[in-house]
Participant: 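This is the structure, below, for whatever I ask next.
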Amino acid sequence: MANAPDPIGARRARLEALRERGVDPFSATRFEVTAHAADLSVRYADLTSGPPAEDAPEWALAGRIMSVRGQGKVIFADLADRTASFQLFIRLDNLSAEAFEVFRELERGDIIGARGPVFRTKAGELSLSVTGFEVLAKSLQPLPDKWHGLQDVEKRYRRRYVDLIVNRPVLDVMIARSRIIAEMRRFIDAHGFFEVETPTLVTVAGGAAARPFLTHSNALDIPLSLRIATELYLKRLIVGGMERVYEIGRIWRNEGIDRTHNPEFTMLELYAAFWNVRDMMSFNEDLMAHLARSVHGSETALYRGDAISFATPFRRLGYLEAFEEYGGLSRDQLLDADACHHLLHDFGIPESPSHSHALDKLFERIVEPHLIQPTFVYGYPVVLSPLAKRMKDDPLLTERYELFAANMELANAFTELNDPDDQRRRFELQAIEKAAGDHEVPPPDWDFVTALEYGLPPTAGIGIGIDRLVMMLTGNESIRDVLLFPLQRPLPPGDDDEAEAEEQT
RNA sequence: GCACCGCUAGCUCAAUGGUAGAGCAGUUGACUCUUAAUCAAUUGGUUCCCGGUUCAAGUCCGGGGCGGUGCACCA
């Protein structure tokens, strides 16, 4: 213990050394930042090598020291802020001897603010010639390898903050996610929608087919679920006369976890009175194209080696036509429950508990693999769509589409069913499926039927999984890589971390 | 839930069943234009855990933990 190398102990010793020089790294409360690294790189892109001009303006940068290259009476350091990193040039001649000694006590990971003019070194690197600096926080933990960063996937998820520090592309993805959502709001707001917030704690988790998380209210002493969709509440607001509403919110589904599923995820749901599914389709493709352009920089996103073009208009493909085209299957085979189960057998797919389930499995197998470029698949069978309005000239199908790209479902939209009697019958039918063993079928929400009885205007609605959209636009193939803190099983007790028993000096 | 793969120093990775190693980080020193700085010296291990086989286990076997991928599940 006496001679064992101890990186954290060494850093604590450095902390004491700073304090002995009258610098307490944890006493600073603010620092006036006047520039970010990326801004300076652009502003001084054409600067030629040489010492800074007499009248060169001083800038103040703040961030984390990512590397230090000491060279006697000159020190080079890289300071990273949220935009990029920028080289600091510290020379004894430009500072007091005391300040220079303080800088020599700093190390990789520490957070400082630095002031000085920008110049370009002989080696051609744009740099801040430091005339003054403040220590803003000391890092007591050693950072991972400066070249390889943090590779261990598990550690990256569990300690995302370290991942963000040392793996710049991760920070870029998370910033892109933030911008995608912000840009989405801007676009939607510009079309006259109100953003609303509906309950996440509900007594009936409806609006989708999924198993909910269960919880309990102490005050009311009743069981509660976390919502699995926002749909039924948002449509109540259309009944209430809000006309155009949307919610970007967290949804919880107590189901499997894999590359494309996290138990909590973010969904946009949006409803517009007096629109039908065709109106929604064009709104949908305009939104996608806009996001791709403004956030991704181009209408084309590279995903799994495919160049996905979000240039409008997207391809339109009928649901039944798709089966005909890719599998040679007929309408009669698909819309008949018994024939459909035979098809499952023909394709070697395990038994399904219901007609709707069977259709989904078949679609997944036969059609989905072909949907690379953005495609609206429209005209879903009514058995698959308990909340969608039937087609006027084909009552077995609904005015519903799903948007696919790169074999992933990106959006689901339909003209909303507003006939309360039809809605009631479909809920009753679902109740039978639930009784037959389909766990994912939600319990009927009878108050929703009552709401429809007050009168829901013709309305189109859409749901877009934000996480998968971000995956698509940032080229990530795992949902965990677009979530800041994906759910991880907790480590066994004691395995958690070093339990630092050091107290004495 | 099932299958496969992974887990070795703070980080990235080595090690035909035969003394656990390297680079980076750390520590000490030198250096006034470096940028994976360089040079010299140097520290560092419950090989995820428990048990077994063996003269000998990081390595083989059994059980467990955590993670990743695939399948199942998830309209």
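Since we're looking at a predicted model, the values are computed, not measured. We name chains A, B, ... by the order of the sequence lines, and we start the count at 1 in each one.
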Participant: Among the nucleotides B:G26, B:A75, B:C74, which one has an atom lying closest to any side-chain atom of A:Ala10?
Facilitator: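 Given the options B:G26, B:A75, B:C74, the side chain of A:Ala10 is closest to B:G26.
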
Participant: What is the distance, rounded to the nearest whole Å, between atom CD1 of A:Ile257 and atom C1' of B:C66?
Facilitator: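 Taking atom C1' of B:C66 as the reference, CD1 of A:Ile257 is at 13 Å.
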
Participant: Above 12 or not: heavy atoms from other molecules or residues under 6.0 Å from CZ of A:Arg104?
Facilitator: no

Participant: Pair A:Ser41, A:Arg43 - check side-chain hydrogen bond (donor to acceptor under 3.5 Å, both in side chains), show working.
Facilitator: CA-CA 6 Å; A:Ser41 296; A:Arg43 180 185 287 262; over 6 Å; no

Participant: Would you please confirm or rule out a distance under 4.0 Å between OP1 or OP2 of B:C73 and any side-chain N or O of A:Lys361?
Facilitator: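 For A:Lys361, the contact criterion (side-chain N or O under 4.0 Å from OP1 or OP2 of B:C73) is met.
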
Participant: Report the relative orientation of the aromatic rings in A:Tyr380 and A:Phe363; use parallel for angles under 30°, tilted for 30 to 60°, perpendicular for over 60°.
Facilitator: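 Tilted, since the angle between the ring planes falls between 30° and 60°.
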
Participant: Where the side chain of A:His261 is concerned, which of B:U12, B:G10, B:C74 is the nearest nucleotide?
Facilitator: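 The answer is B:C74, which lies nearest to the side chain.
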
Participant: So if I take every side-chain heavy atom of A:Leu491 and compare against B:A75, B:C66, B:C33, which nucleotide ends up nearest?
Facilitator: B:C66

Participant: Does a side chain donor of either A:Glu247 or A:Thr230 reach within less than 3.5 Å of an acceptor in the other side chain?
Facilitator: no

Participant: Starting the side chain at C-beta, find the nucleotide from B:U34, B:A75, B:C11 nearest to A:Thr121.
Facilitator: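 Output: B:U34.
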
Participant: In whole angstrom, what separates A:Leu150's CG from B:G10's P?
Facilitator: 14 Å

Participant: Any side-chain N or O of A:Lys155 under 4.0 Å from OP1/OP2 of B:G67?
Facilitator: no

Participant: Taking A:Glu416 as the fixed residue, which of A:Lys389, A:Gln423, A:Lys235, A:Arg400 is the one that meets the side-chain hydrogen bond (donor to acceptor under 3.5 Å, both in side chains) rule?
Facilitator: A:Lys235

Participant: Would you mind classifying the nucleic acid contact of A:Arg14 as base, sugar-phosphate or nothing, using non-hydrogen atoms under 4.0 angstrom?
Facilitator: sugar-phosphate

Participant: Which listed nucleotide (B:A75, B:U34, B:C33) is nearest to the side chain of A:Arg91?
Facilitator: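 Closest of the options to the side chain of A:Arg91: B:C33.
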
Participant: Can you figure out which of B:U34, B:C73, B:U32 approaches the side chain of A:His357 most closely?
Facilitator: B:C73

Participant: Counting only side-chain heavy atoms from C-beta out, which of B:U34, B:G67, B:A75 sits nearest to A:Gln87?
Facilitator: B:U34

Participant: Please give the distance between the P atoms of B:G63 and B:C5 as a whole number of Å.
Facilitator: 14 Å

Participant: Report yes if at least one side-chain N or O of A:Arg211 is closer than 4.0 Å to OP1 or OP2 of B:C74; otherwise report no.
Facilitator: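 A:Arg211 to B:C74 OP1/OP2: no side-chain N or O under 4.0 Å.
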
Participant: What is the distance from CD of A:Glu154 to P of B:U12, rounded to the nearest Å?
Facilitator: 12 Å

Participant: Taking atom C1' in both B:C39 and B:C55, compute the distance separating them and give it to the nearest angstrom.
Facilitator: 47 Å

Participant: Students often get this wrong, so: under 4.0 angstrom with heavy atoms, is A:Gly149 touching a base, only sugar-phosphate, or nothing?
Facilitator: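 Counting heavy atoms under 4.0 Å across all strands, the contact made by A:Gly149 is with sugar-phosphate only.
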
Participant: Nearest of B:U34, B:U27, B:A75 to any side-chain atom of A:Pro386?
Facilitator: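 Of the options given, the side chain of A:Pro386 lies nearest B:A75.
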
Participant: Taking atom C1' of B:U8 as reference, at what distance in whole Å does atom CG of A:Asp152 sit?
Facilitator: 13 Å

Participant: What nucleotide among B:U32, B:U27, B:U12 has an atom nearest to a side-chain atom of A:Gln151?
Facilitator: B:U12

Participant: Separation of A:Asn262 atom CG from B:G68 atom P, in whole Å?
Facilitator: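 Atom CG in A:Asn262 sits about 10 Å away from atom P in B:G68.
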
Participant: Could you work out the separation of B:A57 and B:C73 based on their P atoms and round it to a whole Å?
Facilitator: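 Comparing P positions in B:A57 and B:C73 gives a spacing of 45 Å.
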
Participant: If the C1' atom of B:A22 is compared with that of B:A15, how far apart are they to the nearest Å?
Facilitator: 11 Å

Participant: Between B:G26 and B:G10, how far apart are the C1' atoms? Round to whole Å, please.
Facilitator: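 So the two C1' atoms sit 9 Å from each other.
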
Participant: Between A:His342 and A:Asp338 (side chain of the first, backbone of the second, donor and acceptor by atom type, cut-off under 3.5 Å), is there such a pair?
Facilitator: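 Here the side-chain-to-backbone pair exists.
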
Participant: Provide, to the nearest angstrom, the distance between the CH2 atom belonging to A:Trp147 and the P atom belonging to B:A25.
Facilitator: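 Those two atoms, CH2 and P, are 13 Å apart.
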
Participant: For atom C1', what is the distance between B:A56 and B:U42, given to the nearest Å?
Facilitator: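 Nearest-Å result for B:A56 against B:U42 at atom C1': 32 Å.
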
Participant: In whole Å, what separates the C1' atom of B:U16 from that of B:U59?
Facilitator: 10 Å

Participant: Do the side-chain N or O atoms of A:Arg480 get closer than 4.0 angstrom to the phosphate oxygens (OP1, OP2) of B:U69?
Facilitator: yes

Participant: What integer number of Å spans the P atoms of B:U19 and B:G62?
Facilitator: 25 Å

Participant: Any side-chain N or O of A:Gln71 below 4.0 angstrom from OP1/OP2 of B:C33?
Facilitator: yes

Participant: Take the protein atom CD of A:Glu101 and the nucleotide atom P of B:U32, then report the distance between them rounded to whole Å.
Facilitator: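 Atom CD in A:Glu101 sits about 13 Å away from atom P in B:U32.
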
Participant: Tell me the interatomic distance from A:Arg69, atom CZ, to B:U32, atom C1', rounded to whole angstroms.
Facilitator: 15 Å

Participant: Just N and O in the side chain of A:Arg489: are any of them under 4.0 Å from OP1 or OP2 of B:G67?
Facilitator: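 For B:G67, OP1/OP2 do have a side-chain N/O of A:Arg489 under 4.0 Å.
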
Participant: From the options A:Arg156, A:Arg259, A:Arg177, select the one residue that forms a salt bridge (Lys or Arg N to Asp or Glu O under 4.0 Å) with A:Asp481.
Facilitator: A:Arg156

Participant: Among B:G68, B:U69, B:G23, which is the nearest nucleotide to the side chain of A:Val153?
Facilitator: B:G68

Participant: Using a cut-off of less than 4.0 Å, is there contact between a side-chain N or O of A:His148 and OP1 or OP2 of B:A25?
Facilitator: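 The answer is no; no side-chain N or O of A:His148 sits under 4.0 Å from OP1 or OP2.
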
